[in-house]
Number of protein chains: 2
Amino acid sequence: MFSKACEYGIKATIYIAVKSMRQERVSLKEIAEEVNSPVAFTAKILQSLAKSGIIDSHKGPTGGFQIEEAKIDTIKLHDIVHAIDGDKIFVGCGLGLEQCDANQPCPVHDKFVGIRNNLKVMLQNTSLYELATGLDIGLTHLKR
Amino acid sequence: MFSKACEYGIKATIYIAVKSMRQERVSLKEIAEEVNSPVAFTAKILQSLAKSGIIDSHKGPTGGFQIEEAKIDTIKLHDIVHAIDGDKIFVGCGLGLEQCDANQPCPVHDKFVGIRNNLKVMLQNTSLYELATGLDIGLTHLKR
DNA sequence: TTTATTTAGGATAATTTTGTCCGAAATAAA
DNA sequence: TTTATTTCGGACAAAATTATCCTAAATAAA
């Protein structure tokens, strides 16, 4: 469903959010360890999340990644996915047709649009805050 | 959502079904033209669909692909996807965790399971017959 | 039986995605 | 100012997916 990049990006962002709620910055190294992702690849993903303004990065000793606390409940899962994978999972025909819409639909058009809309709504309604809170109170986990 | 292989496979199967409802076999060449897919790659996919028993293949002149007519409305979209992509879109954690279930869920577990179940139900309830009929009566299309 | 046609299947290539490496730039602390 | 630490960013490598090519096998018709 999601690309590996997206999986790592979501996990990393949730972990950063938990730490940010305690006013802590976290290093790339710590993130990669805690979410069980390849360090260098994770660095690339965090870079693009930083460029998108979702996370804040800081170089040097005491540097690392953090999320502005006020942002944590305005950021939605949708934003993270969009920053990493772009809109490719939200647009386009389910069977890869260039011309496919309600007027000239592919055979699976309606059903596909339905499912994808479910996904979109879910992503738009899921806040980083709720994901981070669930992790923080031990309801969910990120490793293994 | 689906792999390219799956997209081609679904389109090809629907096209073969339409022809089969008229008791006609179709050649690889015709299929690839009609569904706008790379010939040789499509050949591989049809091969695996034949091995799965979803389509029937026949060599030699007047050969080609066909689907047993009685099968057309028992075959579901689910079967086609499963034959090509296996169960990877139906199982596994949304964030790639090895251990993720209701007892020890990842942060998106519940929401992800919900969406994926929608998808699964849709695929299981969509028959090849309805897809082929829609194409046959010109309600839907496969090219471009 | 020969020939033409069509799928099967193995080898190989191109592209995309995933992942690594390393020096540069920034920056905090000694 | 020097040093240690950390992210940035470009180049490179590995793996997976997508796609091509070619010969073999099957088979129908001449």
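These numbers were taken from a predicted model, which means no experiment stands behind them. No hydrogens, no waters, no symmetry mates; every other heavy atom, side chains included, goes into these values. The chains referred to below are lettered A, B, ... by the order of the sequence lines, with proteins before strands, and numbering in each begins at 1.
Of the residues in residues 20-28 of chain A, those lying under 4.0 Å from DNA chain D by heavy-atom distance are A:Ser27, A:Leu28.
Going from atom CD1 of B:Ile84 over to atom P of D:dT17 covers 14 Å, rounded to whole Å. A straight line from CD of A:Glu30 to P of D:dT5 spans 16 Å, rounded to a whole angstrom. Rounded to whole angstrom, the span from the NZ atom of B:Lys29 across to the P atom of C:dT6 amounts to 8 Å. One interatomic measurement links the two molecules: CG of B:Leu49 to P of C:dG9, which rounds to 14 Å at whole-angstrom precision. The interatomic distance linking B:Ile16 (CD1) with C:dT7 (P) rounds to 10 Å, in whole Å. Taking atom CD on B:Gln47 and atom P on C:dG9, their separation rounds to 5 Å, with Å as the unit. When the P atom of D:dA26 is taken as reference, atom CG of B:Asp56 falls 16 Å away, rounded to whole Å. One can place CD1 of B:Ile31 at 10 Å from P of C:dA8, the figure rounded to the nearest angstrom.
Residue pairs meeting the ring pair (Phe, Tyr, Trp, His ring centres under 6.0 Å) criterion with at least one partner in residues 123-144 of chain A, sequence neighbours excluded, do not occur; the list is empty. Screening residues 128-144 of chain A for salt bridge (Lys or Arg N to Asp or Glu O under 4.0 Å) gives A:Arg22-A:Asp136, A:Glu130-B:Lys111 as the qualifying pairs, with residues at least two apart or on separate chains. Pairs passing the ring pair (Phe, Tyr, Trp, His ring centres under 6.0 Å) check and including a residue from residues 100-128 of chain B, sequence neighbours excluded, do not occur.
To the nearest 0.5 Å, atom CG of residue B:Leu77 and atom SG of residue B:Cys6 are 8.0 Å apart.
Annotation for B:Val121: hydrophobic cluster partners, listed by chain and number, are none (ILVMFWY side-chain heavy atoms under 4.5 Å, direct or chained). Connectivity analysis of hydrophobic side chains (ILVMFWY, heavy atoms under 4.5 Å, direct or indirect) links B:Val113 to nothing; its cluster partners are none.
Applying the side-chain contact (heavy atoms from CB on, under 4.5 Å) test to B:Lys51 and every residue at least two apart in sequence or in another chain returns nothing. Partners of B:Glu34 under the salt bridge (charged side-chain N to carboxylate O under 4.0 Å, His left out) rule, at least two apart in sequence or in another chain, do not exist in this structure.
For the helix from C:dT1-D:dA30 to C:dA30-D:dT1, the terminal axes (five pairs an end, C1' atoms, rotation from four pairs onto the next four) enclose an angle of 0°, given to 10 degrees.
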Ignoring hydrogens and angles, write down the donor-acceptor pairs under 3.5 Å from the side chains of residues 83-101 of chain A, residues two or more places apart or on other chains.
unit_1, atom_1, unit_2, atom_2, d
A:Asp85, OD1, A:Ser3, OG, 2.8
A:Asp85, OD2, A:Ser3, OG, 3.0
A:Asp101, OD1, A:Asn103, N, 2.9
A:Asp101, OD1, A:Gln104, N, 2.9

Contacts table for residues 57-72 of chain A: side-chain donor-acceptor under 3.5 angstrom, sequence neighbours left out:
unit_1, atom_1, unit_2, atom_2, d
A:Gln66, OE1, A:Arg25, NE, 3.4
A:Glu69, OE1, A:Gln23, NE2, 2.8
A:Lys71, NZ, A:Gly53, O, 2.7

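A:Asp79 contributes a side-chain N or O that, together with a main-chain N or O of A:Lys76, makes up a donor-acceptor pair within less than 3.5 Å.
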### Query
Can you give one letter per nucleotide of nucleotides 17-30 of chain C, 5' to 3': B if a protein heavy atom sits under 4.0 Å from the base, S if only from the sugar-phosphate, - if neither?
SSBB----BBBBS-

